[in-house]
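Position 1 is the first residue of the sequence; numbering continues from there. It should be emphasised that the depicted structure is a prediction, and the values quoted were computed from it without experimental measurement.
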Amino acid sequence: MENIIGKVEEFMELGGKKKDIVFLVLGGLSLMISVFDLVPLPFDAAWIAIILCGVPIVLEAIIGLITSFDIKADVLVSLALIASVFIGEDFAAGEVAFIMQLGSLLEDLTVAKARAGIEKLVRLTPQTARVIMNGEEKIIPAEQIKVGDIIRVLPGETIAVDGVIISGQTSVNQAVMTGESLPVDKIVGDEVFSGTVNQFGAFEMKAIKVGEDSSIQRMIKLVQSADADKAKIVGLADRWATWIVVIALTAAGLTWAFTDEIIRAVTILVVFCPCALVLATPTAIMAAIGNATKHGFLVREGDALERLAKVSKITFDKTGTLTYGTPKVTAVKSVSAYSEDEIYSYAASAEHMSEHPIGKAIVRCYGQKTVACKDFKMSLGEGITATVNGKVVKAGNLKLMEGVTISKELANAAGKYLNEGSTITYVVIDDVLAGYIVLSDTVREESKDMIAALGKIDVHPVLLTGDNKNAAETIASQLGISEVYANCLPEDKLNYIGKYQDGGYLVCMIGDGINDAPALKKAYVGIAMGGVGSDIAVDAADIALVNDEIKELPHLLSLSKRMMTTIKVNLSFSLGLNFLAIALAITGLLGPVTGALVHNTGSILVIINSALLLNWKKK
C-alpha cells in the first residue's frame with residue numbers, strides 16, 4: 001500500500017507549478033465552453049475541469065485519510081465534488097474544483113513570494129573553492145574544505161567559508177551579511193565571511209569556520225526553519241476544520257432528510273468547505289515573514305511573530321546592540337605644548353604595530369597615514385612604547401605612567417570621562433605627559449529614534465548590561481531609557497527577565513553575545529544581532545537581525561500586531577461567510593453553482609488580504 005501511495009504522490013508532483021497553471025487554464029477554458037456552449041462536444045466540457053483540477057484534490061484527500069486519517073478541507077471538497085457529479089451538477093463540480101485549485105495556487109504563489117528573499121541565501125553559497133595544496137592551486141567542492149585550509153579568492157568570486165586573510169588586500173561586498181551598501185576594505189588579519197563577494201584584489205585566507213558552521217550556512221539553517229505550520233493558531237484552525245467537516249456532513253444529512261432535496265444537501269457540502277479558514281493563518285504568517293525578511297529580520301517560525309505581538313517590555317543588552325560594540329576615539333586632550341593633532345598622530349603611529357583592541361581602535365579612528373615607528377615594545381596590561389620621528393612615545397594606562405606627574409586638575413578631567421564608562425589612554429612624549437585620548441563605545445545613530453518609536457506603540461524599553469553603573473546610566477540617559485540594571489552577569493539577566501514574566505509582563509530580549517544566550521532563550525521572544533552576534537546567541541534566539549540595524553525593530557513589532565489583526569479578520573470573515581452561505585443553502589436560496597462561487601471567492605479574498613502584508617509598512 002505504501003509503495004502505491006508513494007508512486008501516486010510522485011505522479012501528482014510531476015510538472016510542478018507549471019503543470020498546475022496549465023491544468024488551471026485548461027480547466028477555466030472548459031468551464032467557459034460549458035456555460036456558453038461554445039464548442040459542440042459529446043460530453044459536458046466541465047468534465048475537463050473535474051478531471052484536471054478535481055482528481056488531484058480527491059487523491060490528496062484519500063491519501064490523507066489512508067496514511068494518517070487526516071480530515072482536512074480536501075475531504076469535504078471531495079465529497080462536494082462527488083455529490084455534485086452524482087446529481088448531475090457537472091458545472092458546479094467543475095467550478096468547485098477550478099476555484100479550489102486557483103485558491104491553492106494563489107496560496108503557493110503568496111508563500112513563494114514571501115520566501116523569495118530568504119531563499120536567495122541558499123543560492124549565494126558557492127559550490128567550489130580554490131584551495132592551495134602543496135603550493136599548487138586546486139579547485140575542490142566547497143563542502144570538502146577543512147578548517148586550516150588555505151584558500152585563494154579572486155576578484156568577483158564569492159567567499160566559500162569563514163576565515164582570516166593571510167596575504168593580500170581587497171574590498172569585500174558584505175551586503176548579504178551586514179546590509180552595508182559599500183564594500184569594506186580588508187587587509188591581512190581581517191575576517192571574511194562566507195557568502196560575501198570579493199570585489200577587487202586577490203587574496204589568500206585561512207579557513208576558520210567551514211560547512212554548517214560558516215556564516216552563510218548558519219543563516220540558511222535559520223531561515224529554512226521558518227515554517228508557518230508551527231504557529232499555535234494554525235493548529236487551532238486545523239482542529240476547527242476537522243469539526244467543520246463533521247458538522248457539514250451532519251447538516252447536509254439532516255437537510256436532505258427533512259427537505260428531501262439532495263441538491264440542498266450538496267450545496268451545504270460545497271459552501272461548508274473550511275478552505276478560507278485553513279488558509280487564513282498560514283498565508284498571513286508567511287507574508288509577514290516575507291515582509292520581515294525585507295527589513296533585515298530572519299524569523300525562525302511564525303509562532304515567534306505571534307508571540308511578539310503580545311510583548312509589553314523589551315530588554316536590551318548594551319554593547320553591540322544599542323551601541324556599536326567597538327571602541328571609538330571621542331576626544332583628544334592636550335596638557336602640554338603639543339597640539340591635539342600632534343598627540344593623536346604620535347599615538348596612532350606608535351600604536352600601528354599594536355594588537356591590542358584599544359591600540360587598533362586609535363589607529364583605525366585616526367584614519368590618516370601614520371609614520372613608521374621603531375623599537376616597538378608592548379607591556380602587557382600597561383600599554384606600548386615606540387620611537388616615532390626620533391621621539392620616544394608611550395601610550396597606555398596609569399601603570400605605564402610611572403615617574404610621570406598627574407596633576408589634580410588632569411585627574412579630575414579624566415575622571416569625568418571614566419565615570420561615563422570611557423577608557424583613557426595617556427600619551428607621554430620624551431618623558432613629558434603630552435595629553436590623553438578618550439575612547440568610548442558609541443551609541444548607534446538609530447538607537448535614540450528607535451527607543452522613542454517603541455514608546456509610541458506602548459512597548460517599554462529596559463537596559464540590562466554587564467557594564468558598570470556609570471557607563472550604563474550614561475548610555476540610558478542619552479537614549480531616554482529610564483529602567484537600567486548594570487553589572488549584570490548572565491544569570492542576572494536571566495533572573496530579571498524571569499521576574500518580569502512572573503509579574504505578568506511578556507518580555508522580548510535583544511542581545512548579541514554568548515552571555516546573552518540564556519536570556520534570549522528565557523525571554524518570551526529572543527532577537528539576536530545576527531551580523532555581530534555570536535553563533536550561540538543566534539542559535540538561542542527566535543529571530544535574527546542580519547544587518548544589525550535596530551531602527552527596524554518598531555516596524556517588526558508593528559508588523560506582528562498587524563499580522564494578528566489580519567489573521568483575526570481572515571478567520572472572522574471566513575466563518576461569517578460560511579455560516580451565511582449555509583443558511584441560504586438550507587433554505588434553498590443558494591444552489592451548488594452559486595454556492596461554490598461564493599465560498600471559493602471567500603478563500604481568494606482571504607489570500608489577497610494576507611498578501612497585503614508583504615509590503616505593509618506603518619504610516
Side-chain angles (χ1 to χ4, degrees), residues 10 13-18 111-188 190-227 289-290 293-294 296 298-300 530-531 533 535 538-539 544 546-547:
E10 287 179 13
E13 290 174 1
L14 291 174
K17 288 290 173 290
K18 291 182 179 179
V111 171
K113 187 175 180 182
R115 284 184 178 270
I118 51 182
E119 287 183 343
K120 288 179 183 177
L121 285 171
V122 179
R123 297 194 291 273
L124 288 172
T125 308
Q127 301 301 308
T128 59
R130 304 171 186 274
V131 177
I132 309 300
M133 295 181 177
N134 300 321
E136 295 184 0
E137 180 183 297
K138 184 177 180 182
I139 297 178
I140 67 171
E143 62 267 19
Q144 293 181 11
I145 299 173
K146 300 181 180 64
V147 174
D149 281 353
I150 305 302
I151 301 167
R152 179 174 294 151
V153 184
L154 302 182
E157 293 184 340
T158 301
I159 299 168
V161 296
D162 294 8
V164 176
I165 294 178
I166 57 173
S167 69
Q169 58 184 23
T170 185
S171 288
V172 176
N173 185 339
Q174 299 186 153
V176 64
M177 298 303 299
T178 67
E180 293 171 291
S181 58
L182 297 175
V184 179
D185 293 337
K186 300 284 185 177
I187 59 174
V188 172
D190 285 344
E191 286 185 296
V192 288
F193 305 101
S194 59
T196 58
V197 181
N198 182 26
Q199 296 279 282
F200 306 119
F203 65 90
E204 292 182 3
M205 57 175 280
K206 183 178 181 180
I208 302 297
K209 292 182 180 180
V210 303
E212 293 187 353
D213 292 330
S214 66
S215 296
I216 193 68
Q217 289 297 331
R218 204 157 42 84
M219 290 300 173
I220 289 171
K221 283 193 292 182
L222 185 66
V223 300
Q224 285 178 335
S225 64
D227 185 358
I289 289 175
T293 301
K294 289 189 288 186
L298 296 181
V299 184
R300 283 181 179 273
D535 296 1
V538 171
D539 289 340
V546 180
N547 55 19

Practice item. Answer yes or no: is there a donor N or O on one side and an acceptor on the other, between the side chain of K138 and the main chain of M133, under 3.5 Å? Key: no
**Study point:** side-chain contact (heavy atoms from CB on, under 4.5 Å) evaluation trace for I208 with E191
**Key:** CA-CA 9 Å; I208 302 297; E191 286 185 296; 5.9 Å; no
Practice item. Dump the intermediate steps for side-chain contact (heavy atoms from CB on, under 4.5 Å) on V192 and I165, then the final yes or no. Key: CA-CA 7 Å; V192 288; I165 294 178; 3.9 Å; yes
Review point. Applying the side-chain contact (heavy atoms from CB on, under 4.5 Å) test to V172, which of V197, I159, V153 qualifies?
Key: I159
**Study point:** V210 backbone acceptor or donor facing S214 side chain under 3.5 Å
**Key:** no
Review point. Which pairs pass salt bridge (charged side-chain N to carboxylate O under 4.0 Å, His left out) with one or both residues in residues 160-170, sequence neighbours excluded?
Key: none
Review point. Around atom CD of E137, are there more than 12 heavy atoms of other residues, nucleotides or ligands at under 6.0 Å?
Key: yes
Exercise for review: With rounding to the nearest 0.5 Å, note down the distance linking OG in S167 to CD1 in I187.
Suggested key: 13.0 Å
Hey, can you pull the donor-acceptor pairs under 3.5 Å for the side chains in residues 141-151, sequence neighbours left out?
unit_1	atom_1	unit_2	atom_2	d
D149	OD2	K146	N	2.9

Point to revise | I166 atom CD1: more than 12 heavy-atom contacts under 6.0 Å | key: yes
Exercise for review: For the pair E157 and R130, find out whether any cationic side-chain nitrogen is under 4.0 Å from an anionic carboxylate oxygen.
Suggested key: yes
Exercise for review: Taking all non-hydrogen atoms of both residues into account, name the closest pair between A160 and P126 and its distance.
Suggested key: CA-CG, 3.3 Å
Check your understanding: Roughly how far apart are M205 CE and I132 CD1, rounded to 0.5 Å?
Key -> 12.0 Å
Revision key, fill the gap. d(K186 NZ, F203 CZ) to nearest 0.5 Å is 9.0 Å
